[in-house]
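Note that the structure is a prediction, hence the values are computed from the model and not measured. In what follows, every chain begins at residue 1, and chains take the letters A, B, ... in the order their sequences are listed.
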Amino acid sequence: MAPEGQTDPWDPLVAAVVRGLVESARNLGLELPEADVRSALNLDGGPEGDLAFPAHRLSAMARRAPPEVAQQLASGFPPSPGVRSVAATGAYVNVRVDPAVLARATLELALGRGGAYGHRPRAGGPVCVEHTSANPTGPFHVGRVRNAILGDTLARCARAAGADVTTQYYIDDMGRQAAMISWIWAKPRDEWPESVRAADEGRGSETDKPDRHFGRIYPAVSAYLKDHPDAAAEVARVVQQVESGTPPSNHRQITQQILDGMLASLGRLGVGFDEFVWESDFLRDGSVGRVLDRLRSSPHAVTEENGALAIDAAAHGLPKESTHIVVQRGDGTSLYVTRDVAYHLQKFARFERVVDVLGQDHQLHARTLDALLAEIGEPRRPEFVIYQDITVPEGGRMSTRKGSAVWLDDLLAEAVARARTEVLARREDLAESDVDRIAEAVATGAIRFHIARVAPEKPVVFRWEDALSFEGRSGPFVQYSYARAASLLRRGAADRPPYPFDPERLADPEEIALVKVVAKFPRIVAYAARSAHIQSLAGYAHELADQFNRFYHAVPVLKSDVERPSRLALVAAVRQTLGNALDLLGLVRLETM
RNA sequence: GGGCGCGUGGCUCAGCUUGGAUAGAGCACCGGGUUCCUAACCCGGCGAUCGAGGGUUCAAAUCCCUCCGCGCCCGCCA
């Protein structure tokens, strides 16, 4: 069995190679810290080996040509456990490990740790990941969903990496939009303006949800308020009531209803939240007031002619022309950024690390928030994960107002319809409920993967055909590979775990290659969590599925003879690893499809 | 104008954190593969002066500078 506490099958091999290189270098008269060797060692290997060590830096120290140094490092390399060969190729020392040793460690870890393979033990203090936090004023469009998928995947990765994660959704119930909602909802429908009632046509249809419902009438309400000052004044009064801590009695319930509709859509994508934080609470509990008190005593505080409070924060590295931060209006009401300071102080009180997932249009807000935290003497800062917009082919961001938004619900509906067609074309034996279940999983998997695979800082142009791809580098391809592995294990049920595998039997090149991909999973998870590059996880899932399919075509499993138990063990390890990767990406595992 | 981000085959992306050996995928296109464990698959082919220029380095898609192009932000909105 693998040593207690080991999580990465490569660890003992890498440690042995590092020790060997250090020892070999010592014979050349060079003392190297193990950490330096370790960081220079290429764990992905190269064309000539499983692990590669470039000798250039050493050659400078030794004042000899790189190939010569590489040669000497290789020839002086001591016999080490698990190391099959060490040879110089040009300026590189190439190490080949014993594939059976790696296979044994990998299968033991993947099968032994099961769902915990790739995960690390709990370590560190509590972490808050705030994401999505879209204003509850209408349905999600695809642009907003990038935040949810990024944040949710990040939270899953952080948990796997050992963090104690709490996810939060910050609910804005204080804006004018929220006030518009409770204003119109408080009225009996027959008192609604004609134009709003007209926009309300179609209500009660099958796809109707509170968020869709309000999303439909919002433009009409907004237009109506422009031409009707009386009504606008009523809405302004609602804003005031919320500000003063006495919102209309139904205010929060209405906001909650719309939010529930939105969350139902996200739920289909596997996105959920541990906690919901209401913005108005920070006003009610006096914490915004306390923030303002602290800001007022800042040497950079200035009071405007109309009584507004501002901070001249030139010292905090803000862009020119953005250093004048108004933190309280002339009429004494609060501002978003000030409330956000209060929110972050609450987060810092509870969490060791605070992560905020924000669209790039909030970049300046993030820096302003930092500046204000500095102003009040708070030493800690949130870690911002910033992503770029999803735009439409015609150009520009998705906009409800311009009608260019693609609703998540519509994308889901189309994806499910296409997935159903695909399932039906392949499977005639399935019950209707299974067809639905698989189609839903394929559809949501395609969408999640499509967004997770692209680096957050890349701008994305939304195209239906791309988002609905079920082939190649896609979620369904990974899900399909998982189902294939599951199917093999089902059909091979005569052999049951624990499979009595013999790592020496896994000698085919495709088997060795597959073991290597399984073996690097823990490293990928750790990197994804550390760097917030969730695309590396999506890329890995595809790579593992891809190599599994190659293996599948290259060697028989169930029909093999002496290799059968070992191959089944490998398939079981792949299924486990692929499943763990799907979990982290928030894709549904399908045992059959 | 200032700030932030992006620019890699026809298209969409990975690789940039920590510089290392012929730049990896997917889609599209061309040619193959199913009496055999799920063809949402596999094999082969085609296709890239990594936006341009300069710099650092033994070595640059990766680090630095300049420029060009594209996107977003620059409210007593959120």
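- Using a 4.0 Å heavy-atom cutoff across all strands shown, A/Met593 reaches at least one base atom of the nucleic acid.
- A donor-acceptor contact under 3.5 Å links the side chain of A/Arg530 to the base of B/U18.
- Residue contacts shown for A/Asn306 include a base, since a base heavy atom lies under 4.0 Å away.
- Pairs of residues two or more places apart, or lying in two chains, that qualify as ring-ring contact (aromatic ring centres under 6.0 Å, His included) and include a residue from residues 39-58 of chain A are A/His56-A/Tyr92.
- Using a 4.0 Å heavy-atom distance criterion, A/Val555 is classed as a base contact.
- Of the candidate nucleotides B/C77, B/U38, B/U12, B/U12 has the atom nearest to the side chain of A/Arg463.
- Within the nucleic acid shown, A/Val454 comes within 4.0 Å of sugar-phosphate atoms alone, with no base atom in reach, counting heavy atoms only.
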Next item on the list: Please report the C-alpha distance between A/His365 and A/Tyr336 in whole Å, then the side-chain angles of each, then the deciding distance to 0.1 Å, and finally whether the ring-ring contact (aromatic ring centres under 6.0 Å, His included) criterion is met.
Entry: CA-CA 10 Å; A/His365 168 74; A/Tyr336 169 62; 4.6 Å; yes

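- At a cut-off of 3.5 angstrom, the base of B/A21 holds at least one donor-acceptor pair with the side chain of A/Asn94.
- Heavy atoms of A/Gly330 sit under 4.0 angstrom from at least one base atom.
- A/Leu488 comes within contact range of at least one nucleobase, with a heavy-atom separation under 4.0 Å.
- Within the 4.0 angstrom heavy-atom criterion, base atoms lie near A/Ala483.
- Of the candidates B/A21, B/C6, B/U38, the closest approach to any side-chain atom of A/Tyr552 belongs to B/U38.
- When heavy atoms are screened at a 4.0 angstrom cut-off, A/Glu279 is found touching the sugar-phosphate backbone but no base atom.
- Between the side chain of A/Gln363 and the base of B/G3 there is no donor-acceptor pair of N/O atoms closer than 3.5 Å.
- Within the 4.0 angstrom heavy-atom criterion, base atoms lie near A/His362.
- Residue-level contact check: A/Pro47 touches the bases, meaning some heavy atom is under 4.0 Å from a base atom.
- Closest to the A/Gln360 side chain, of the nucleotides B/C41, B/A78, B/G71, is B/G71.
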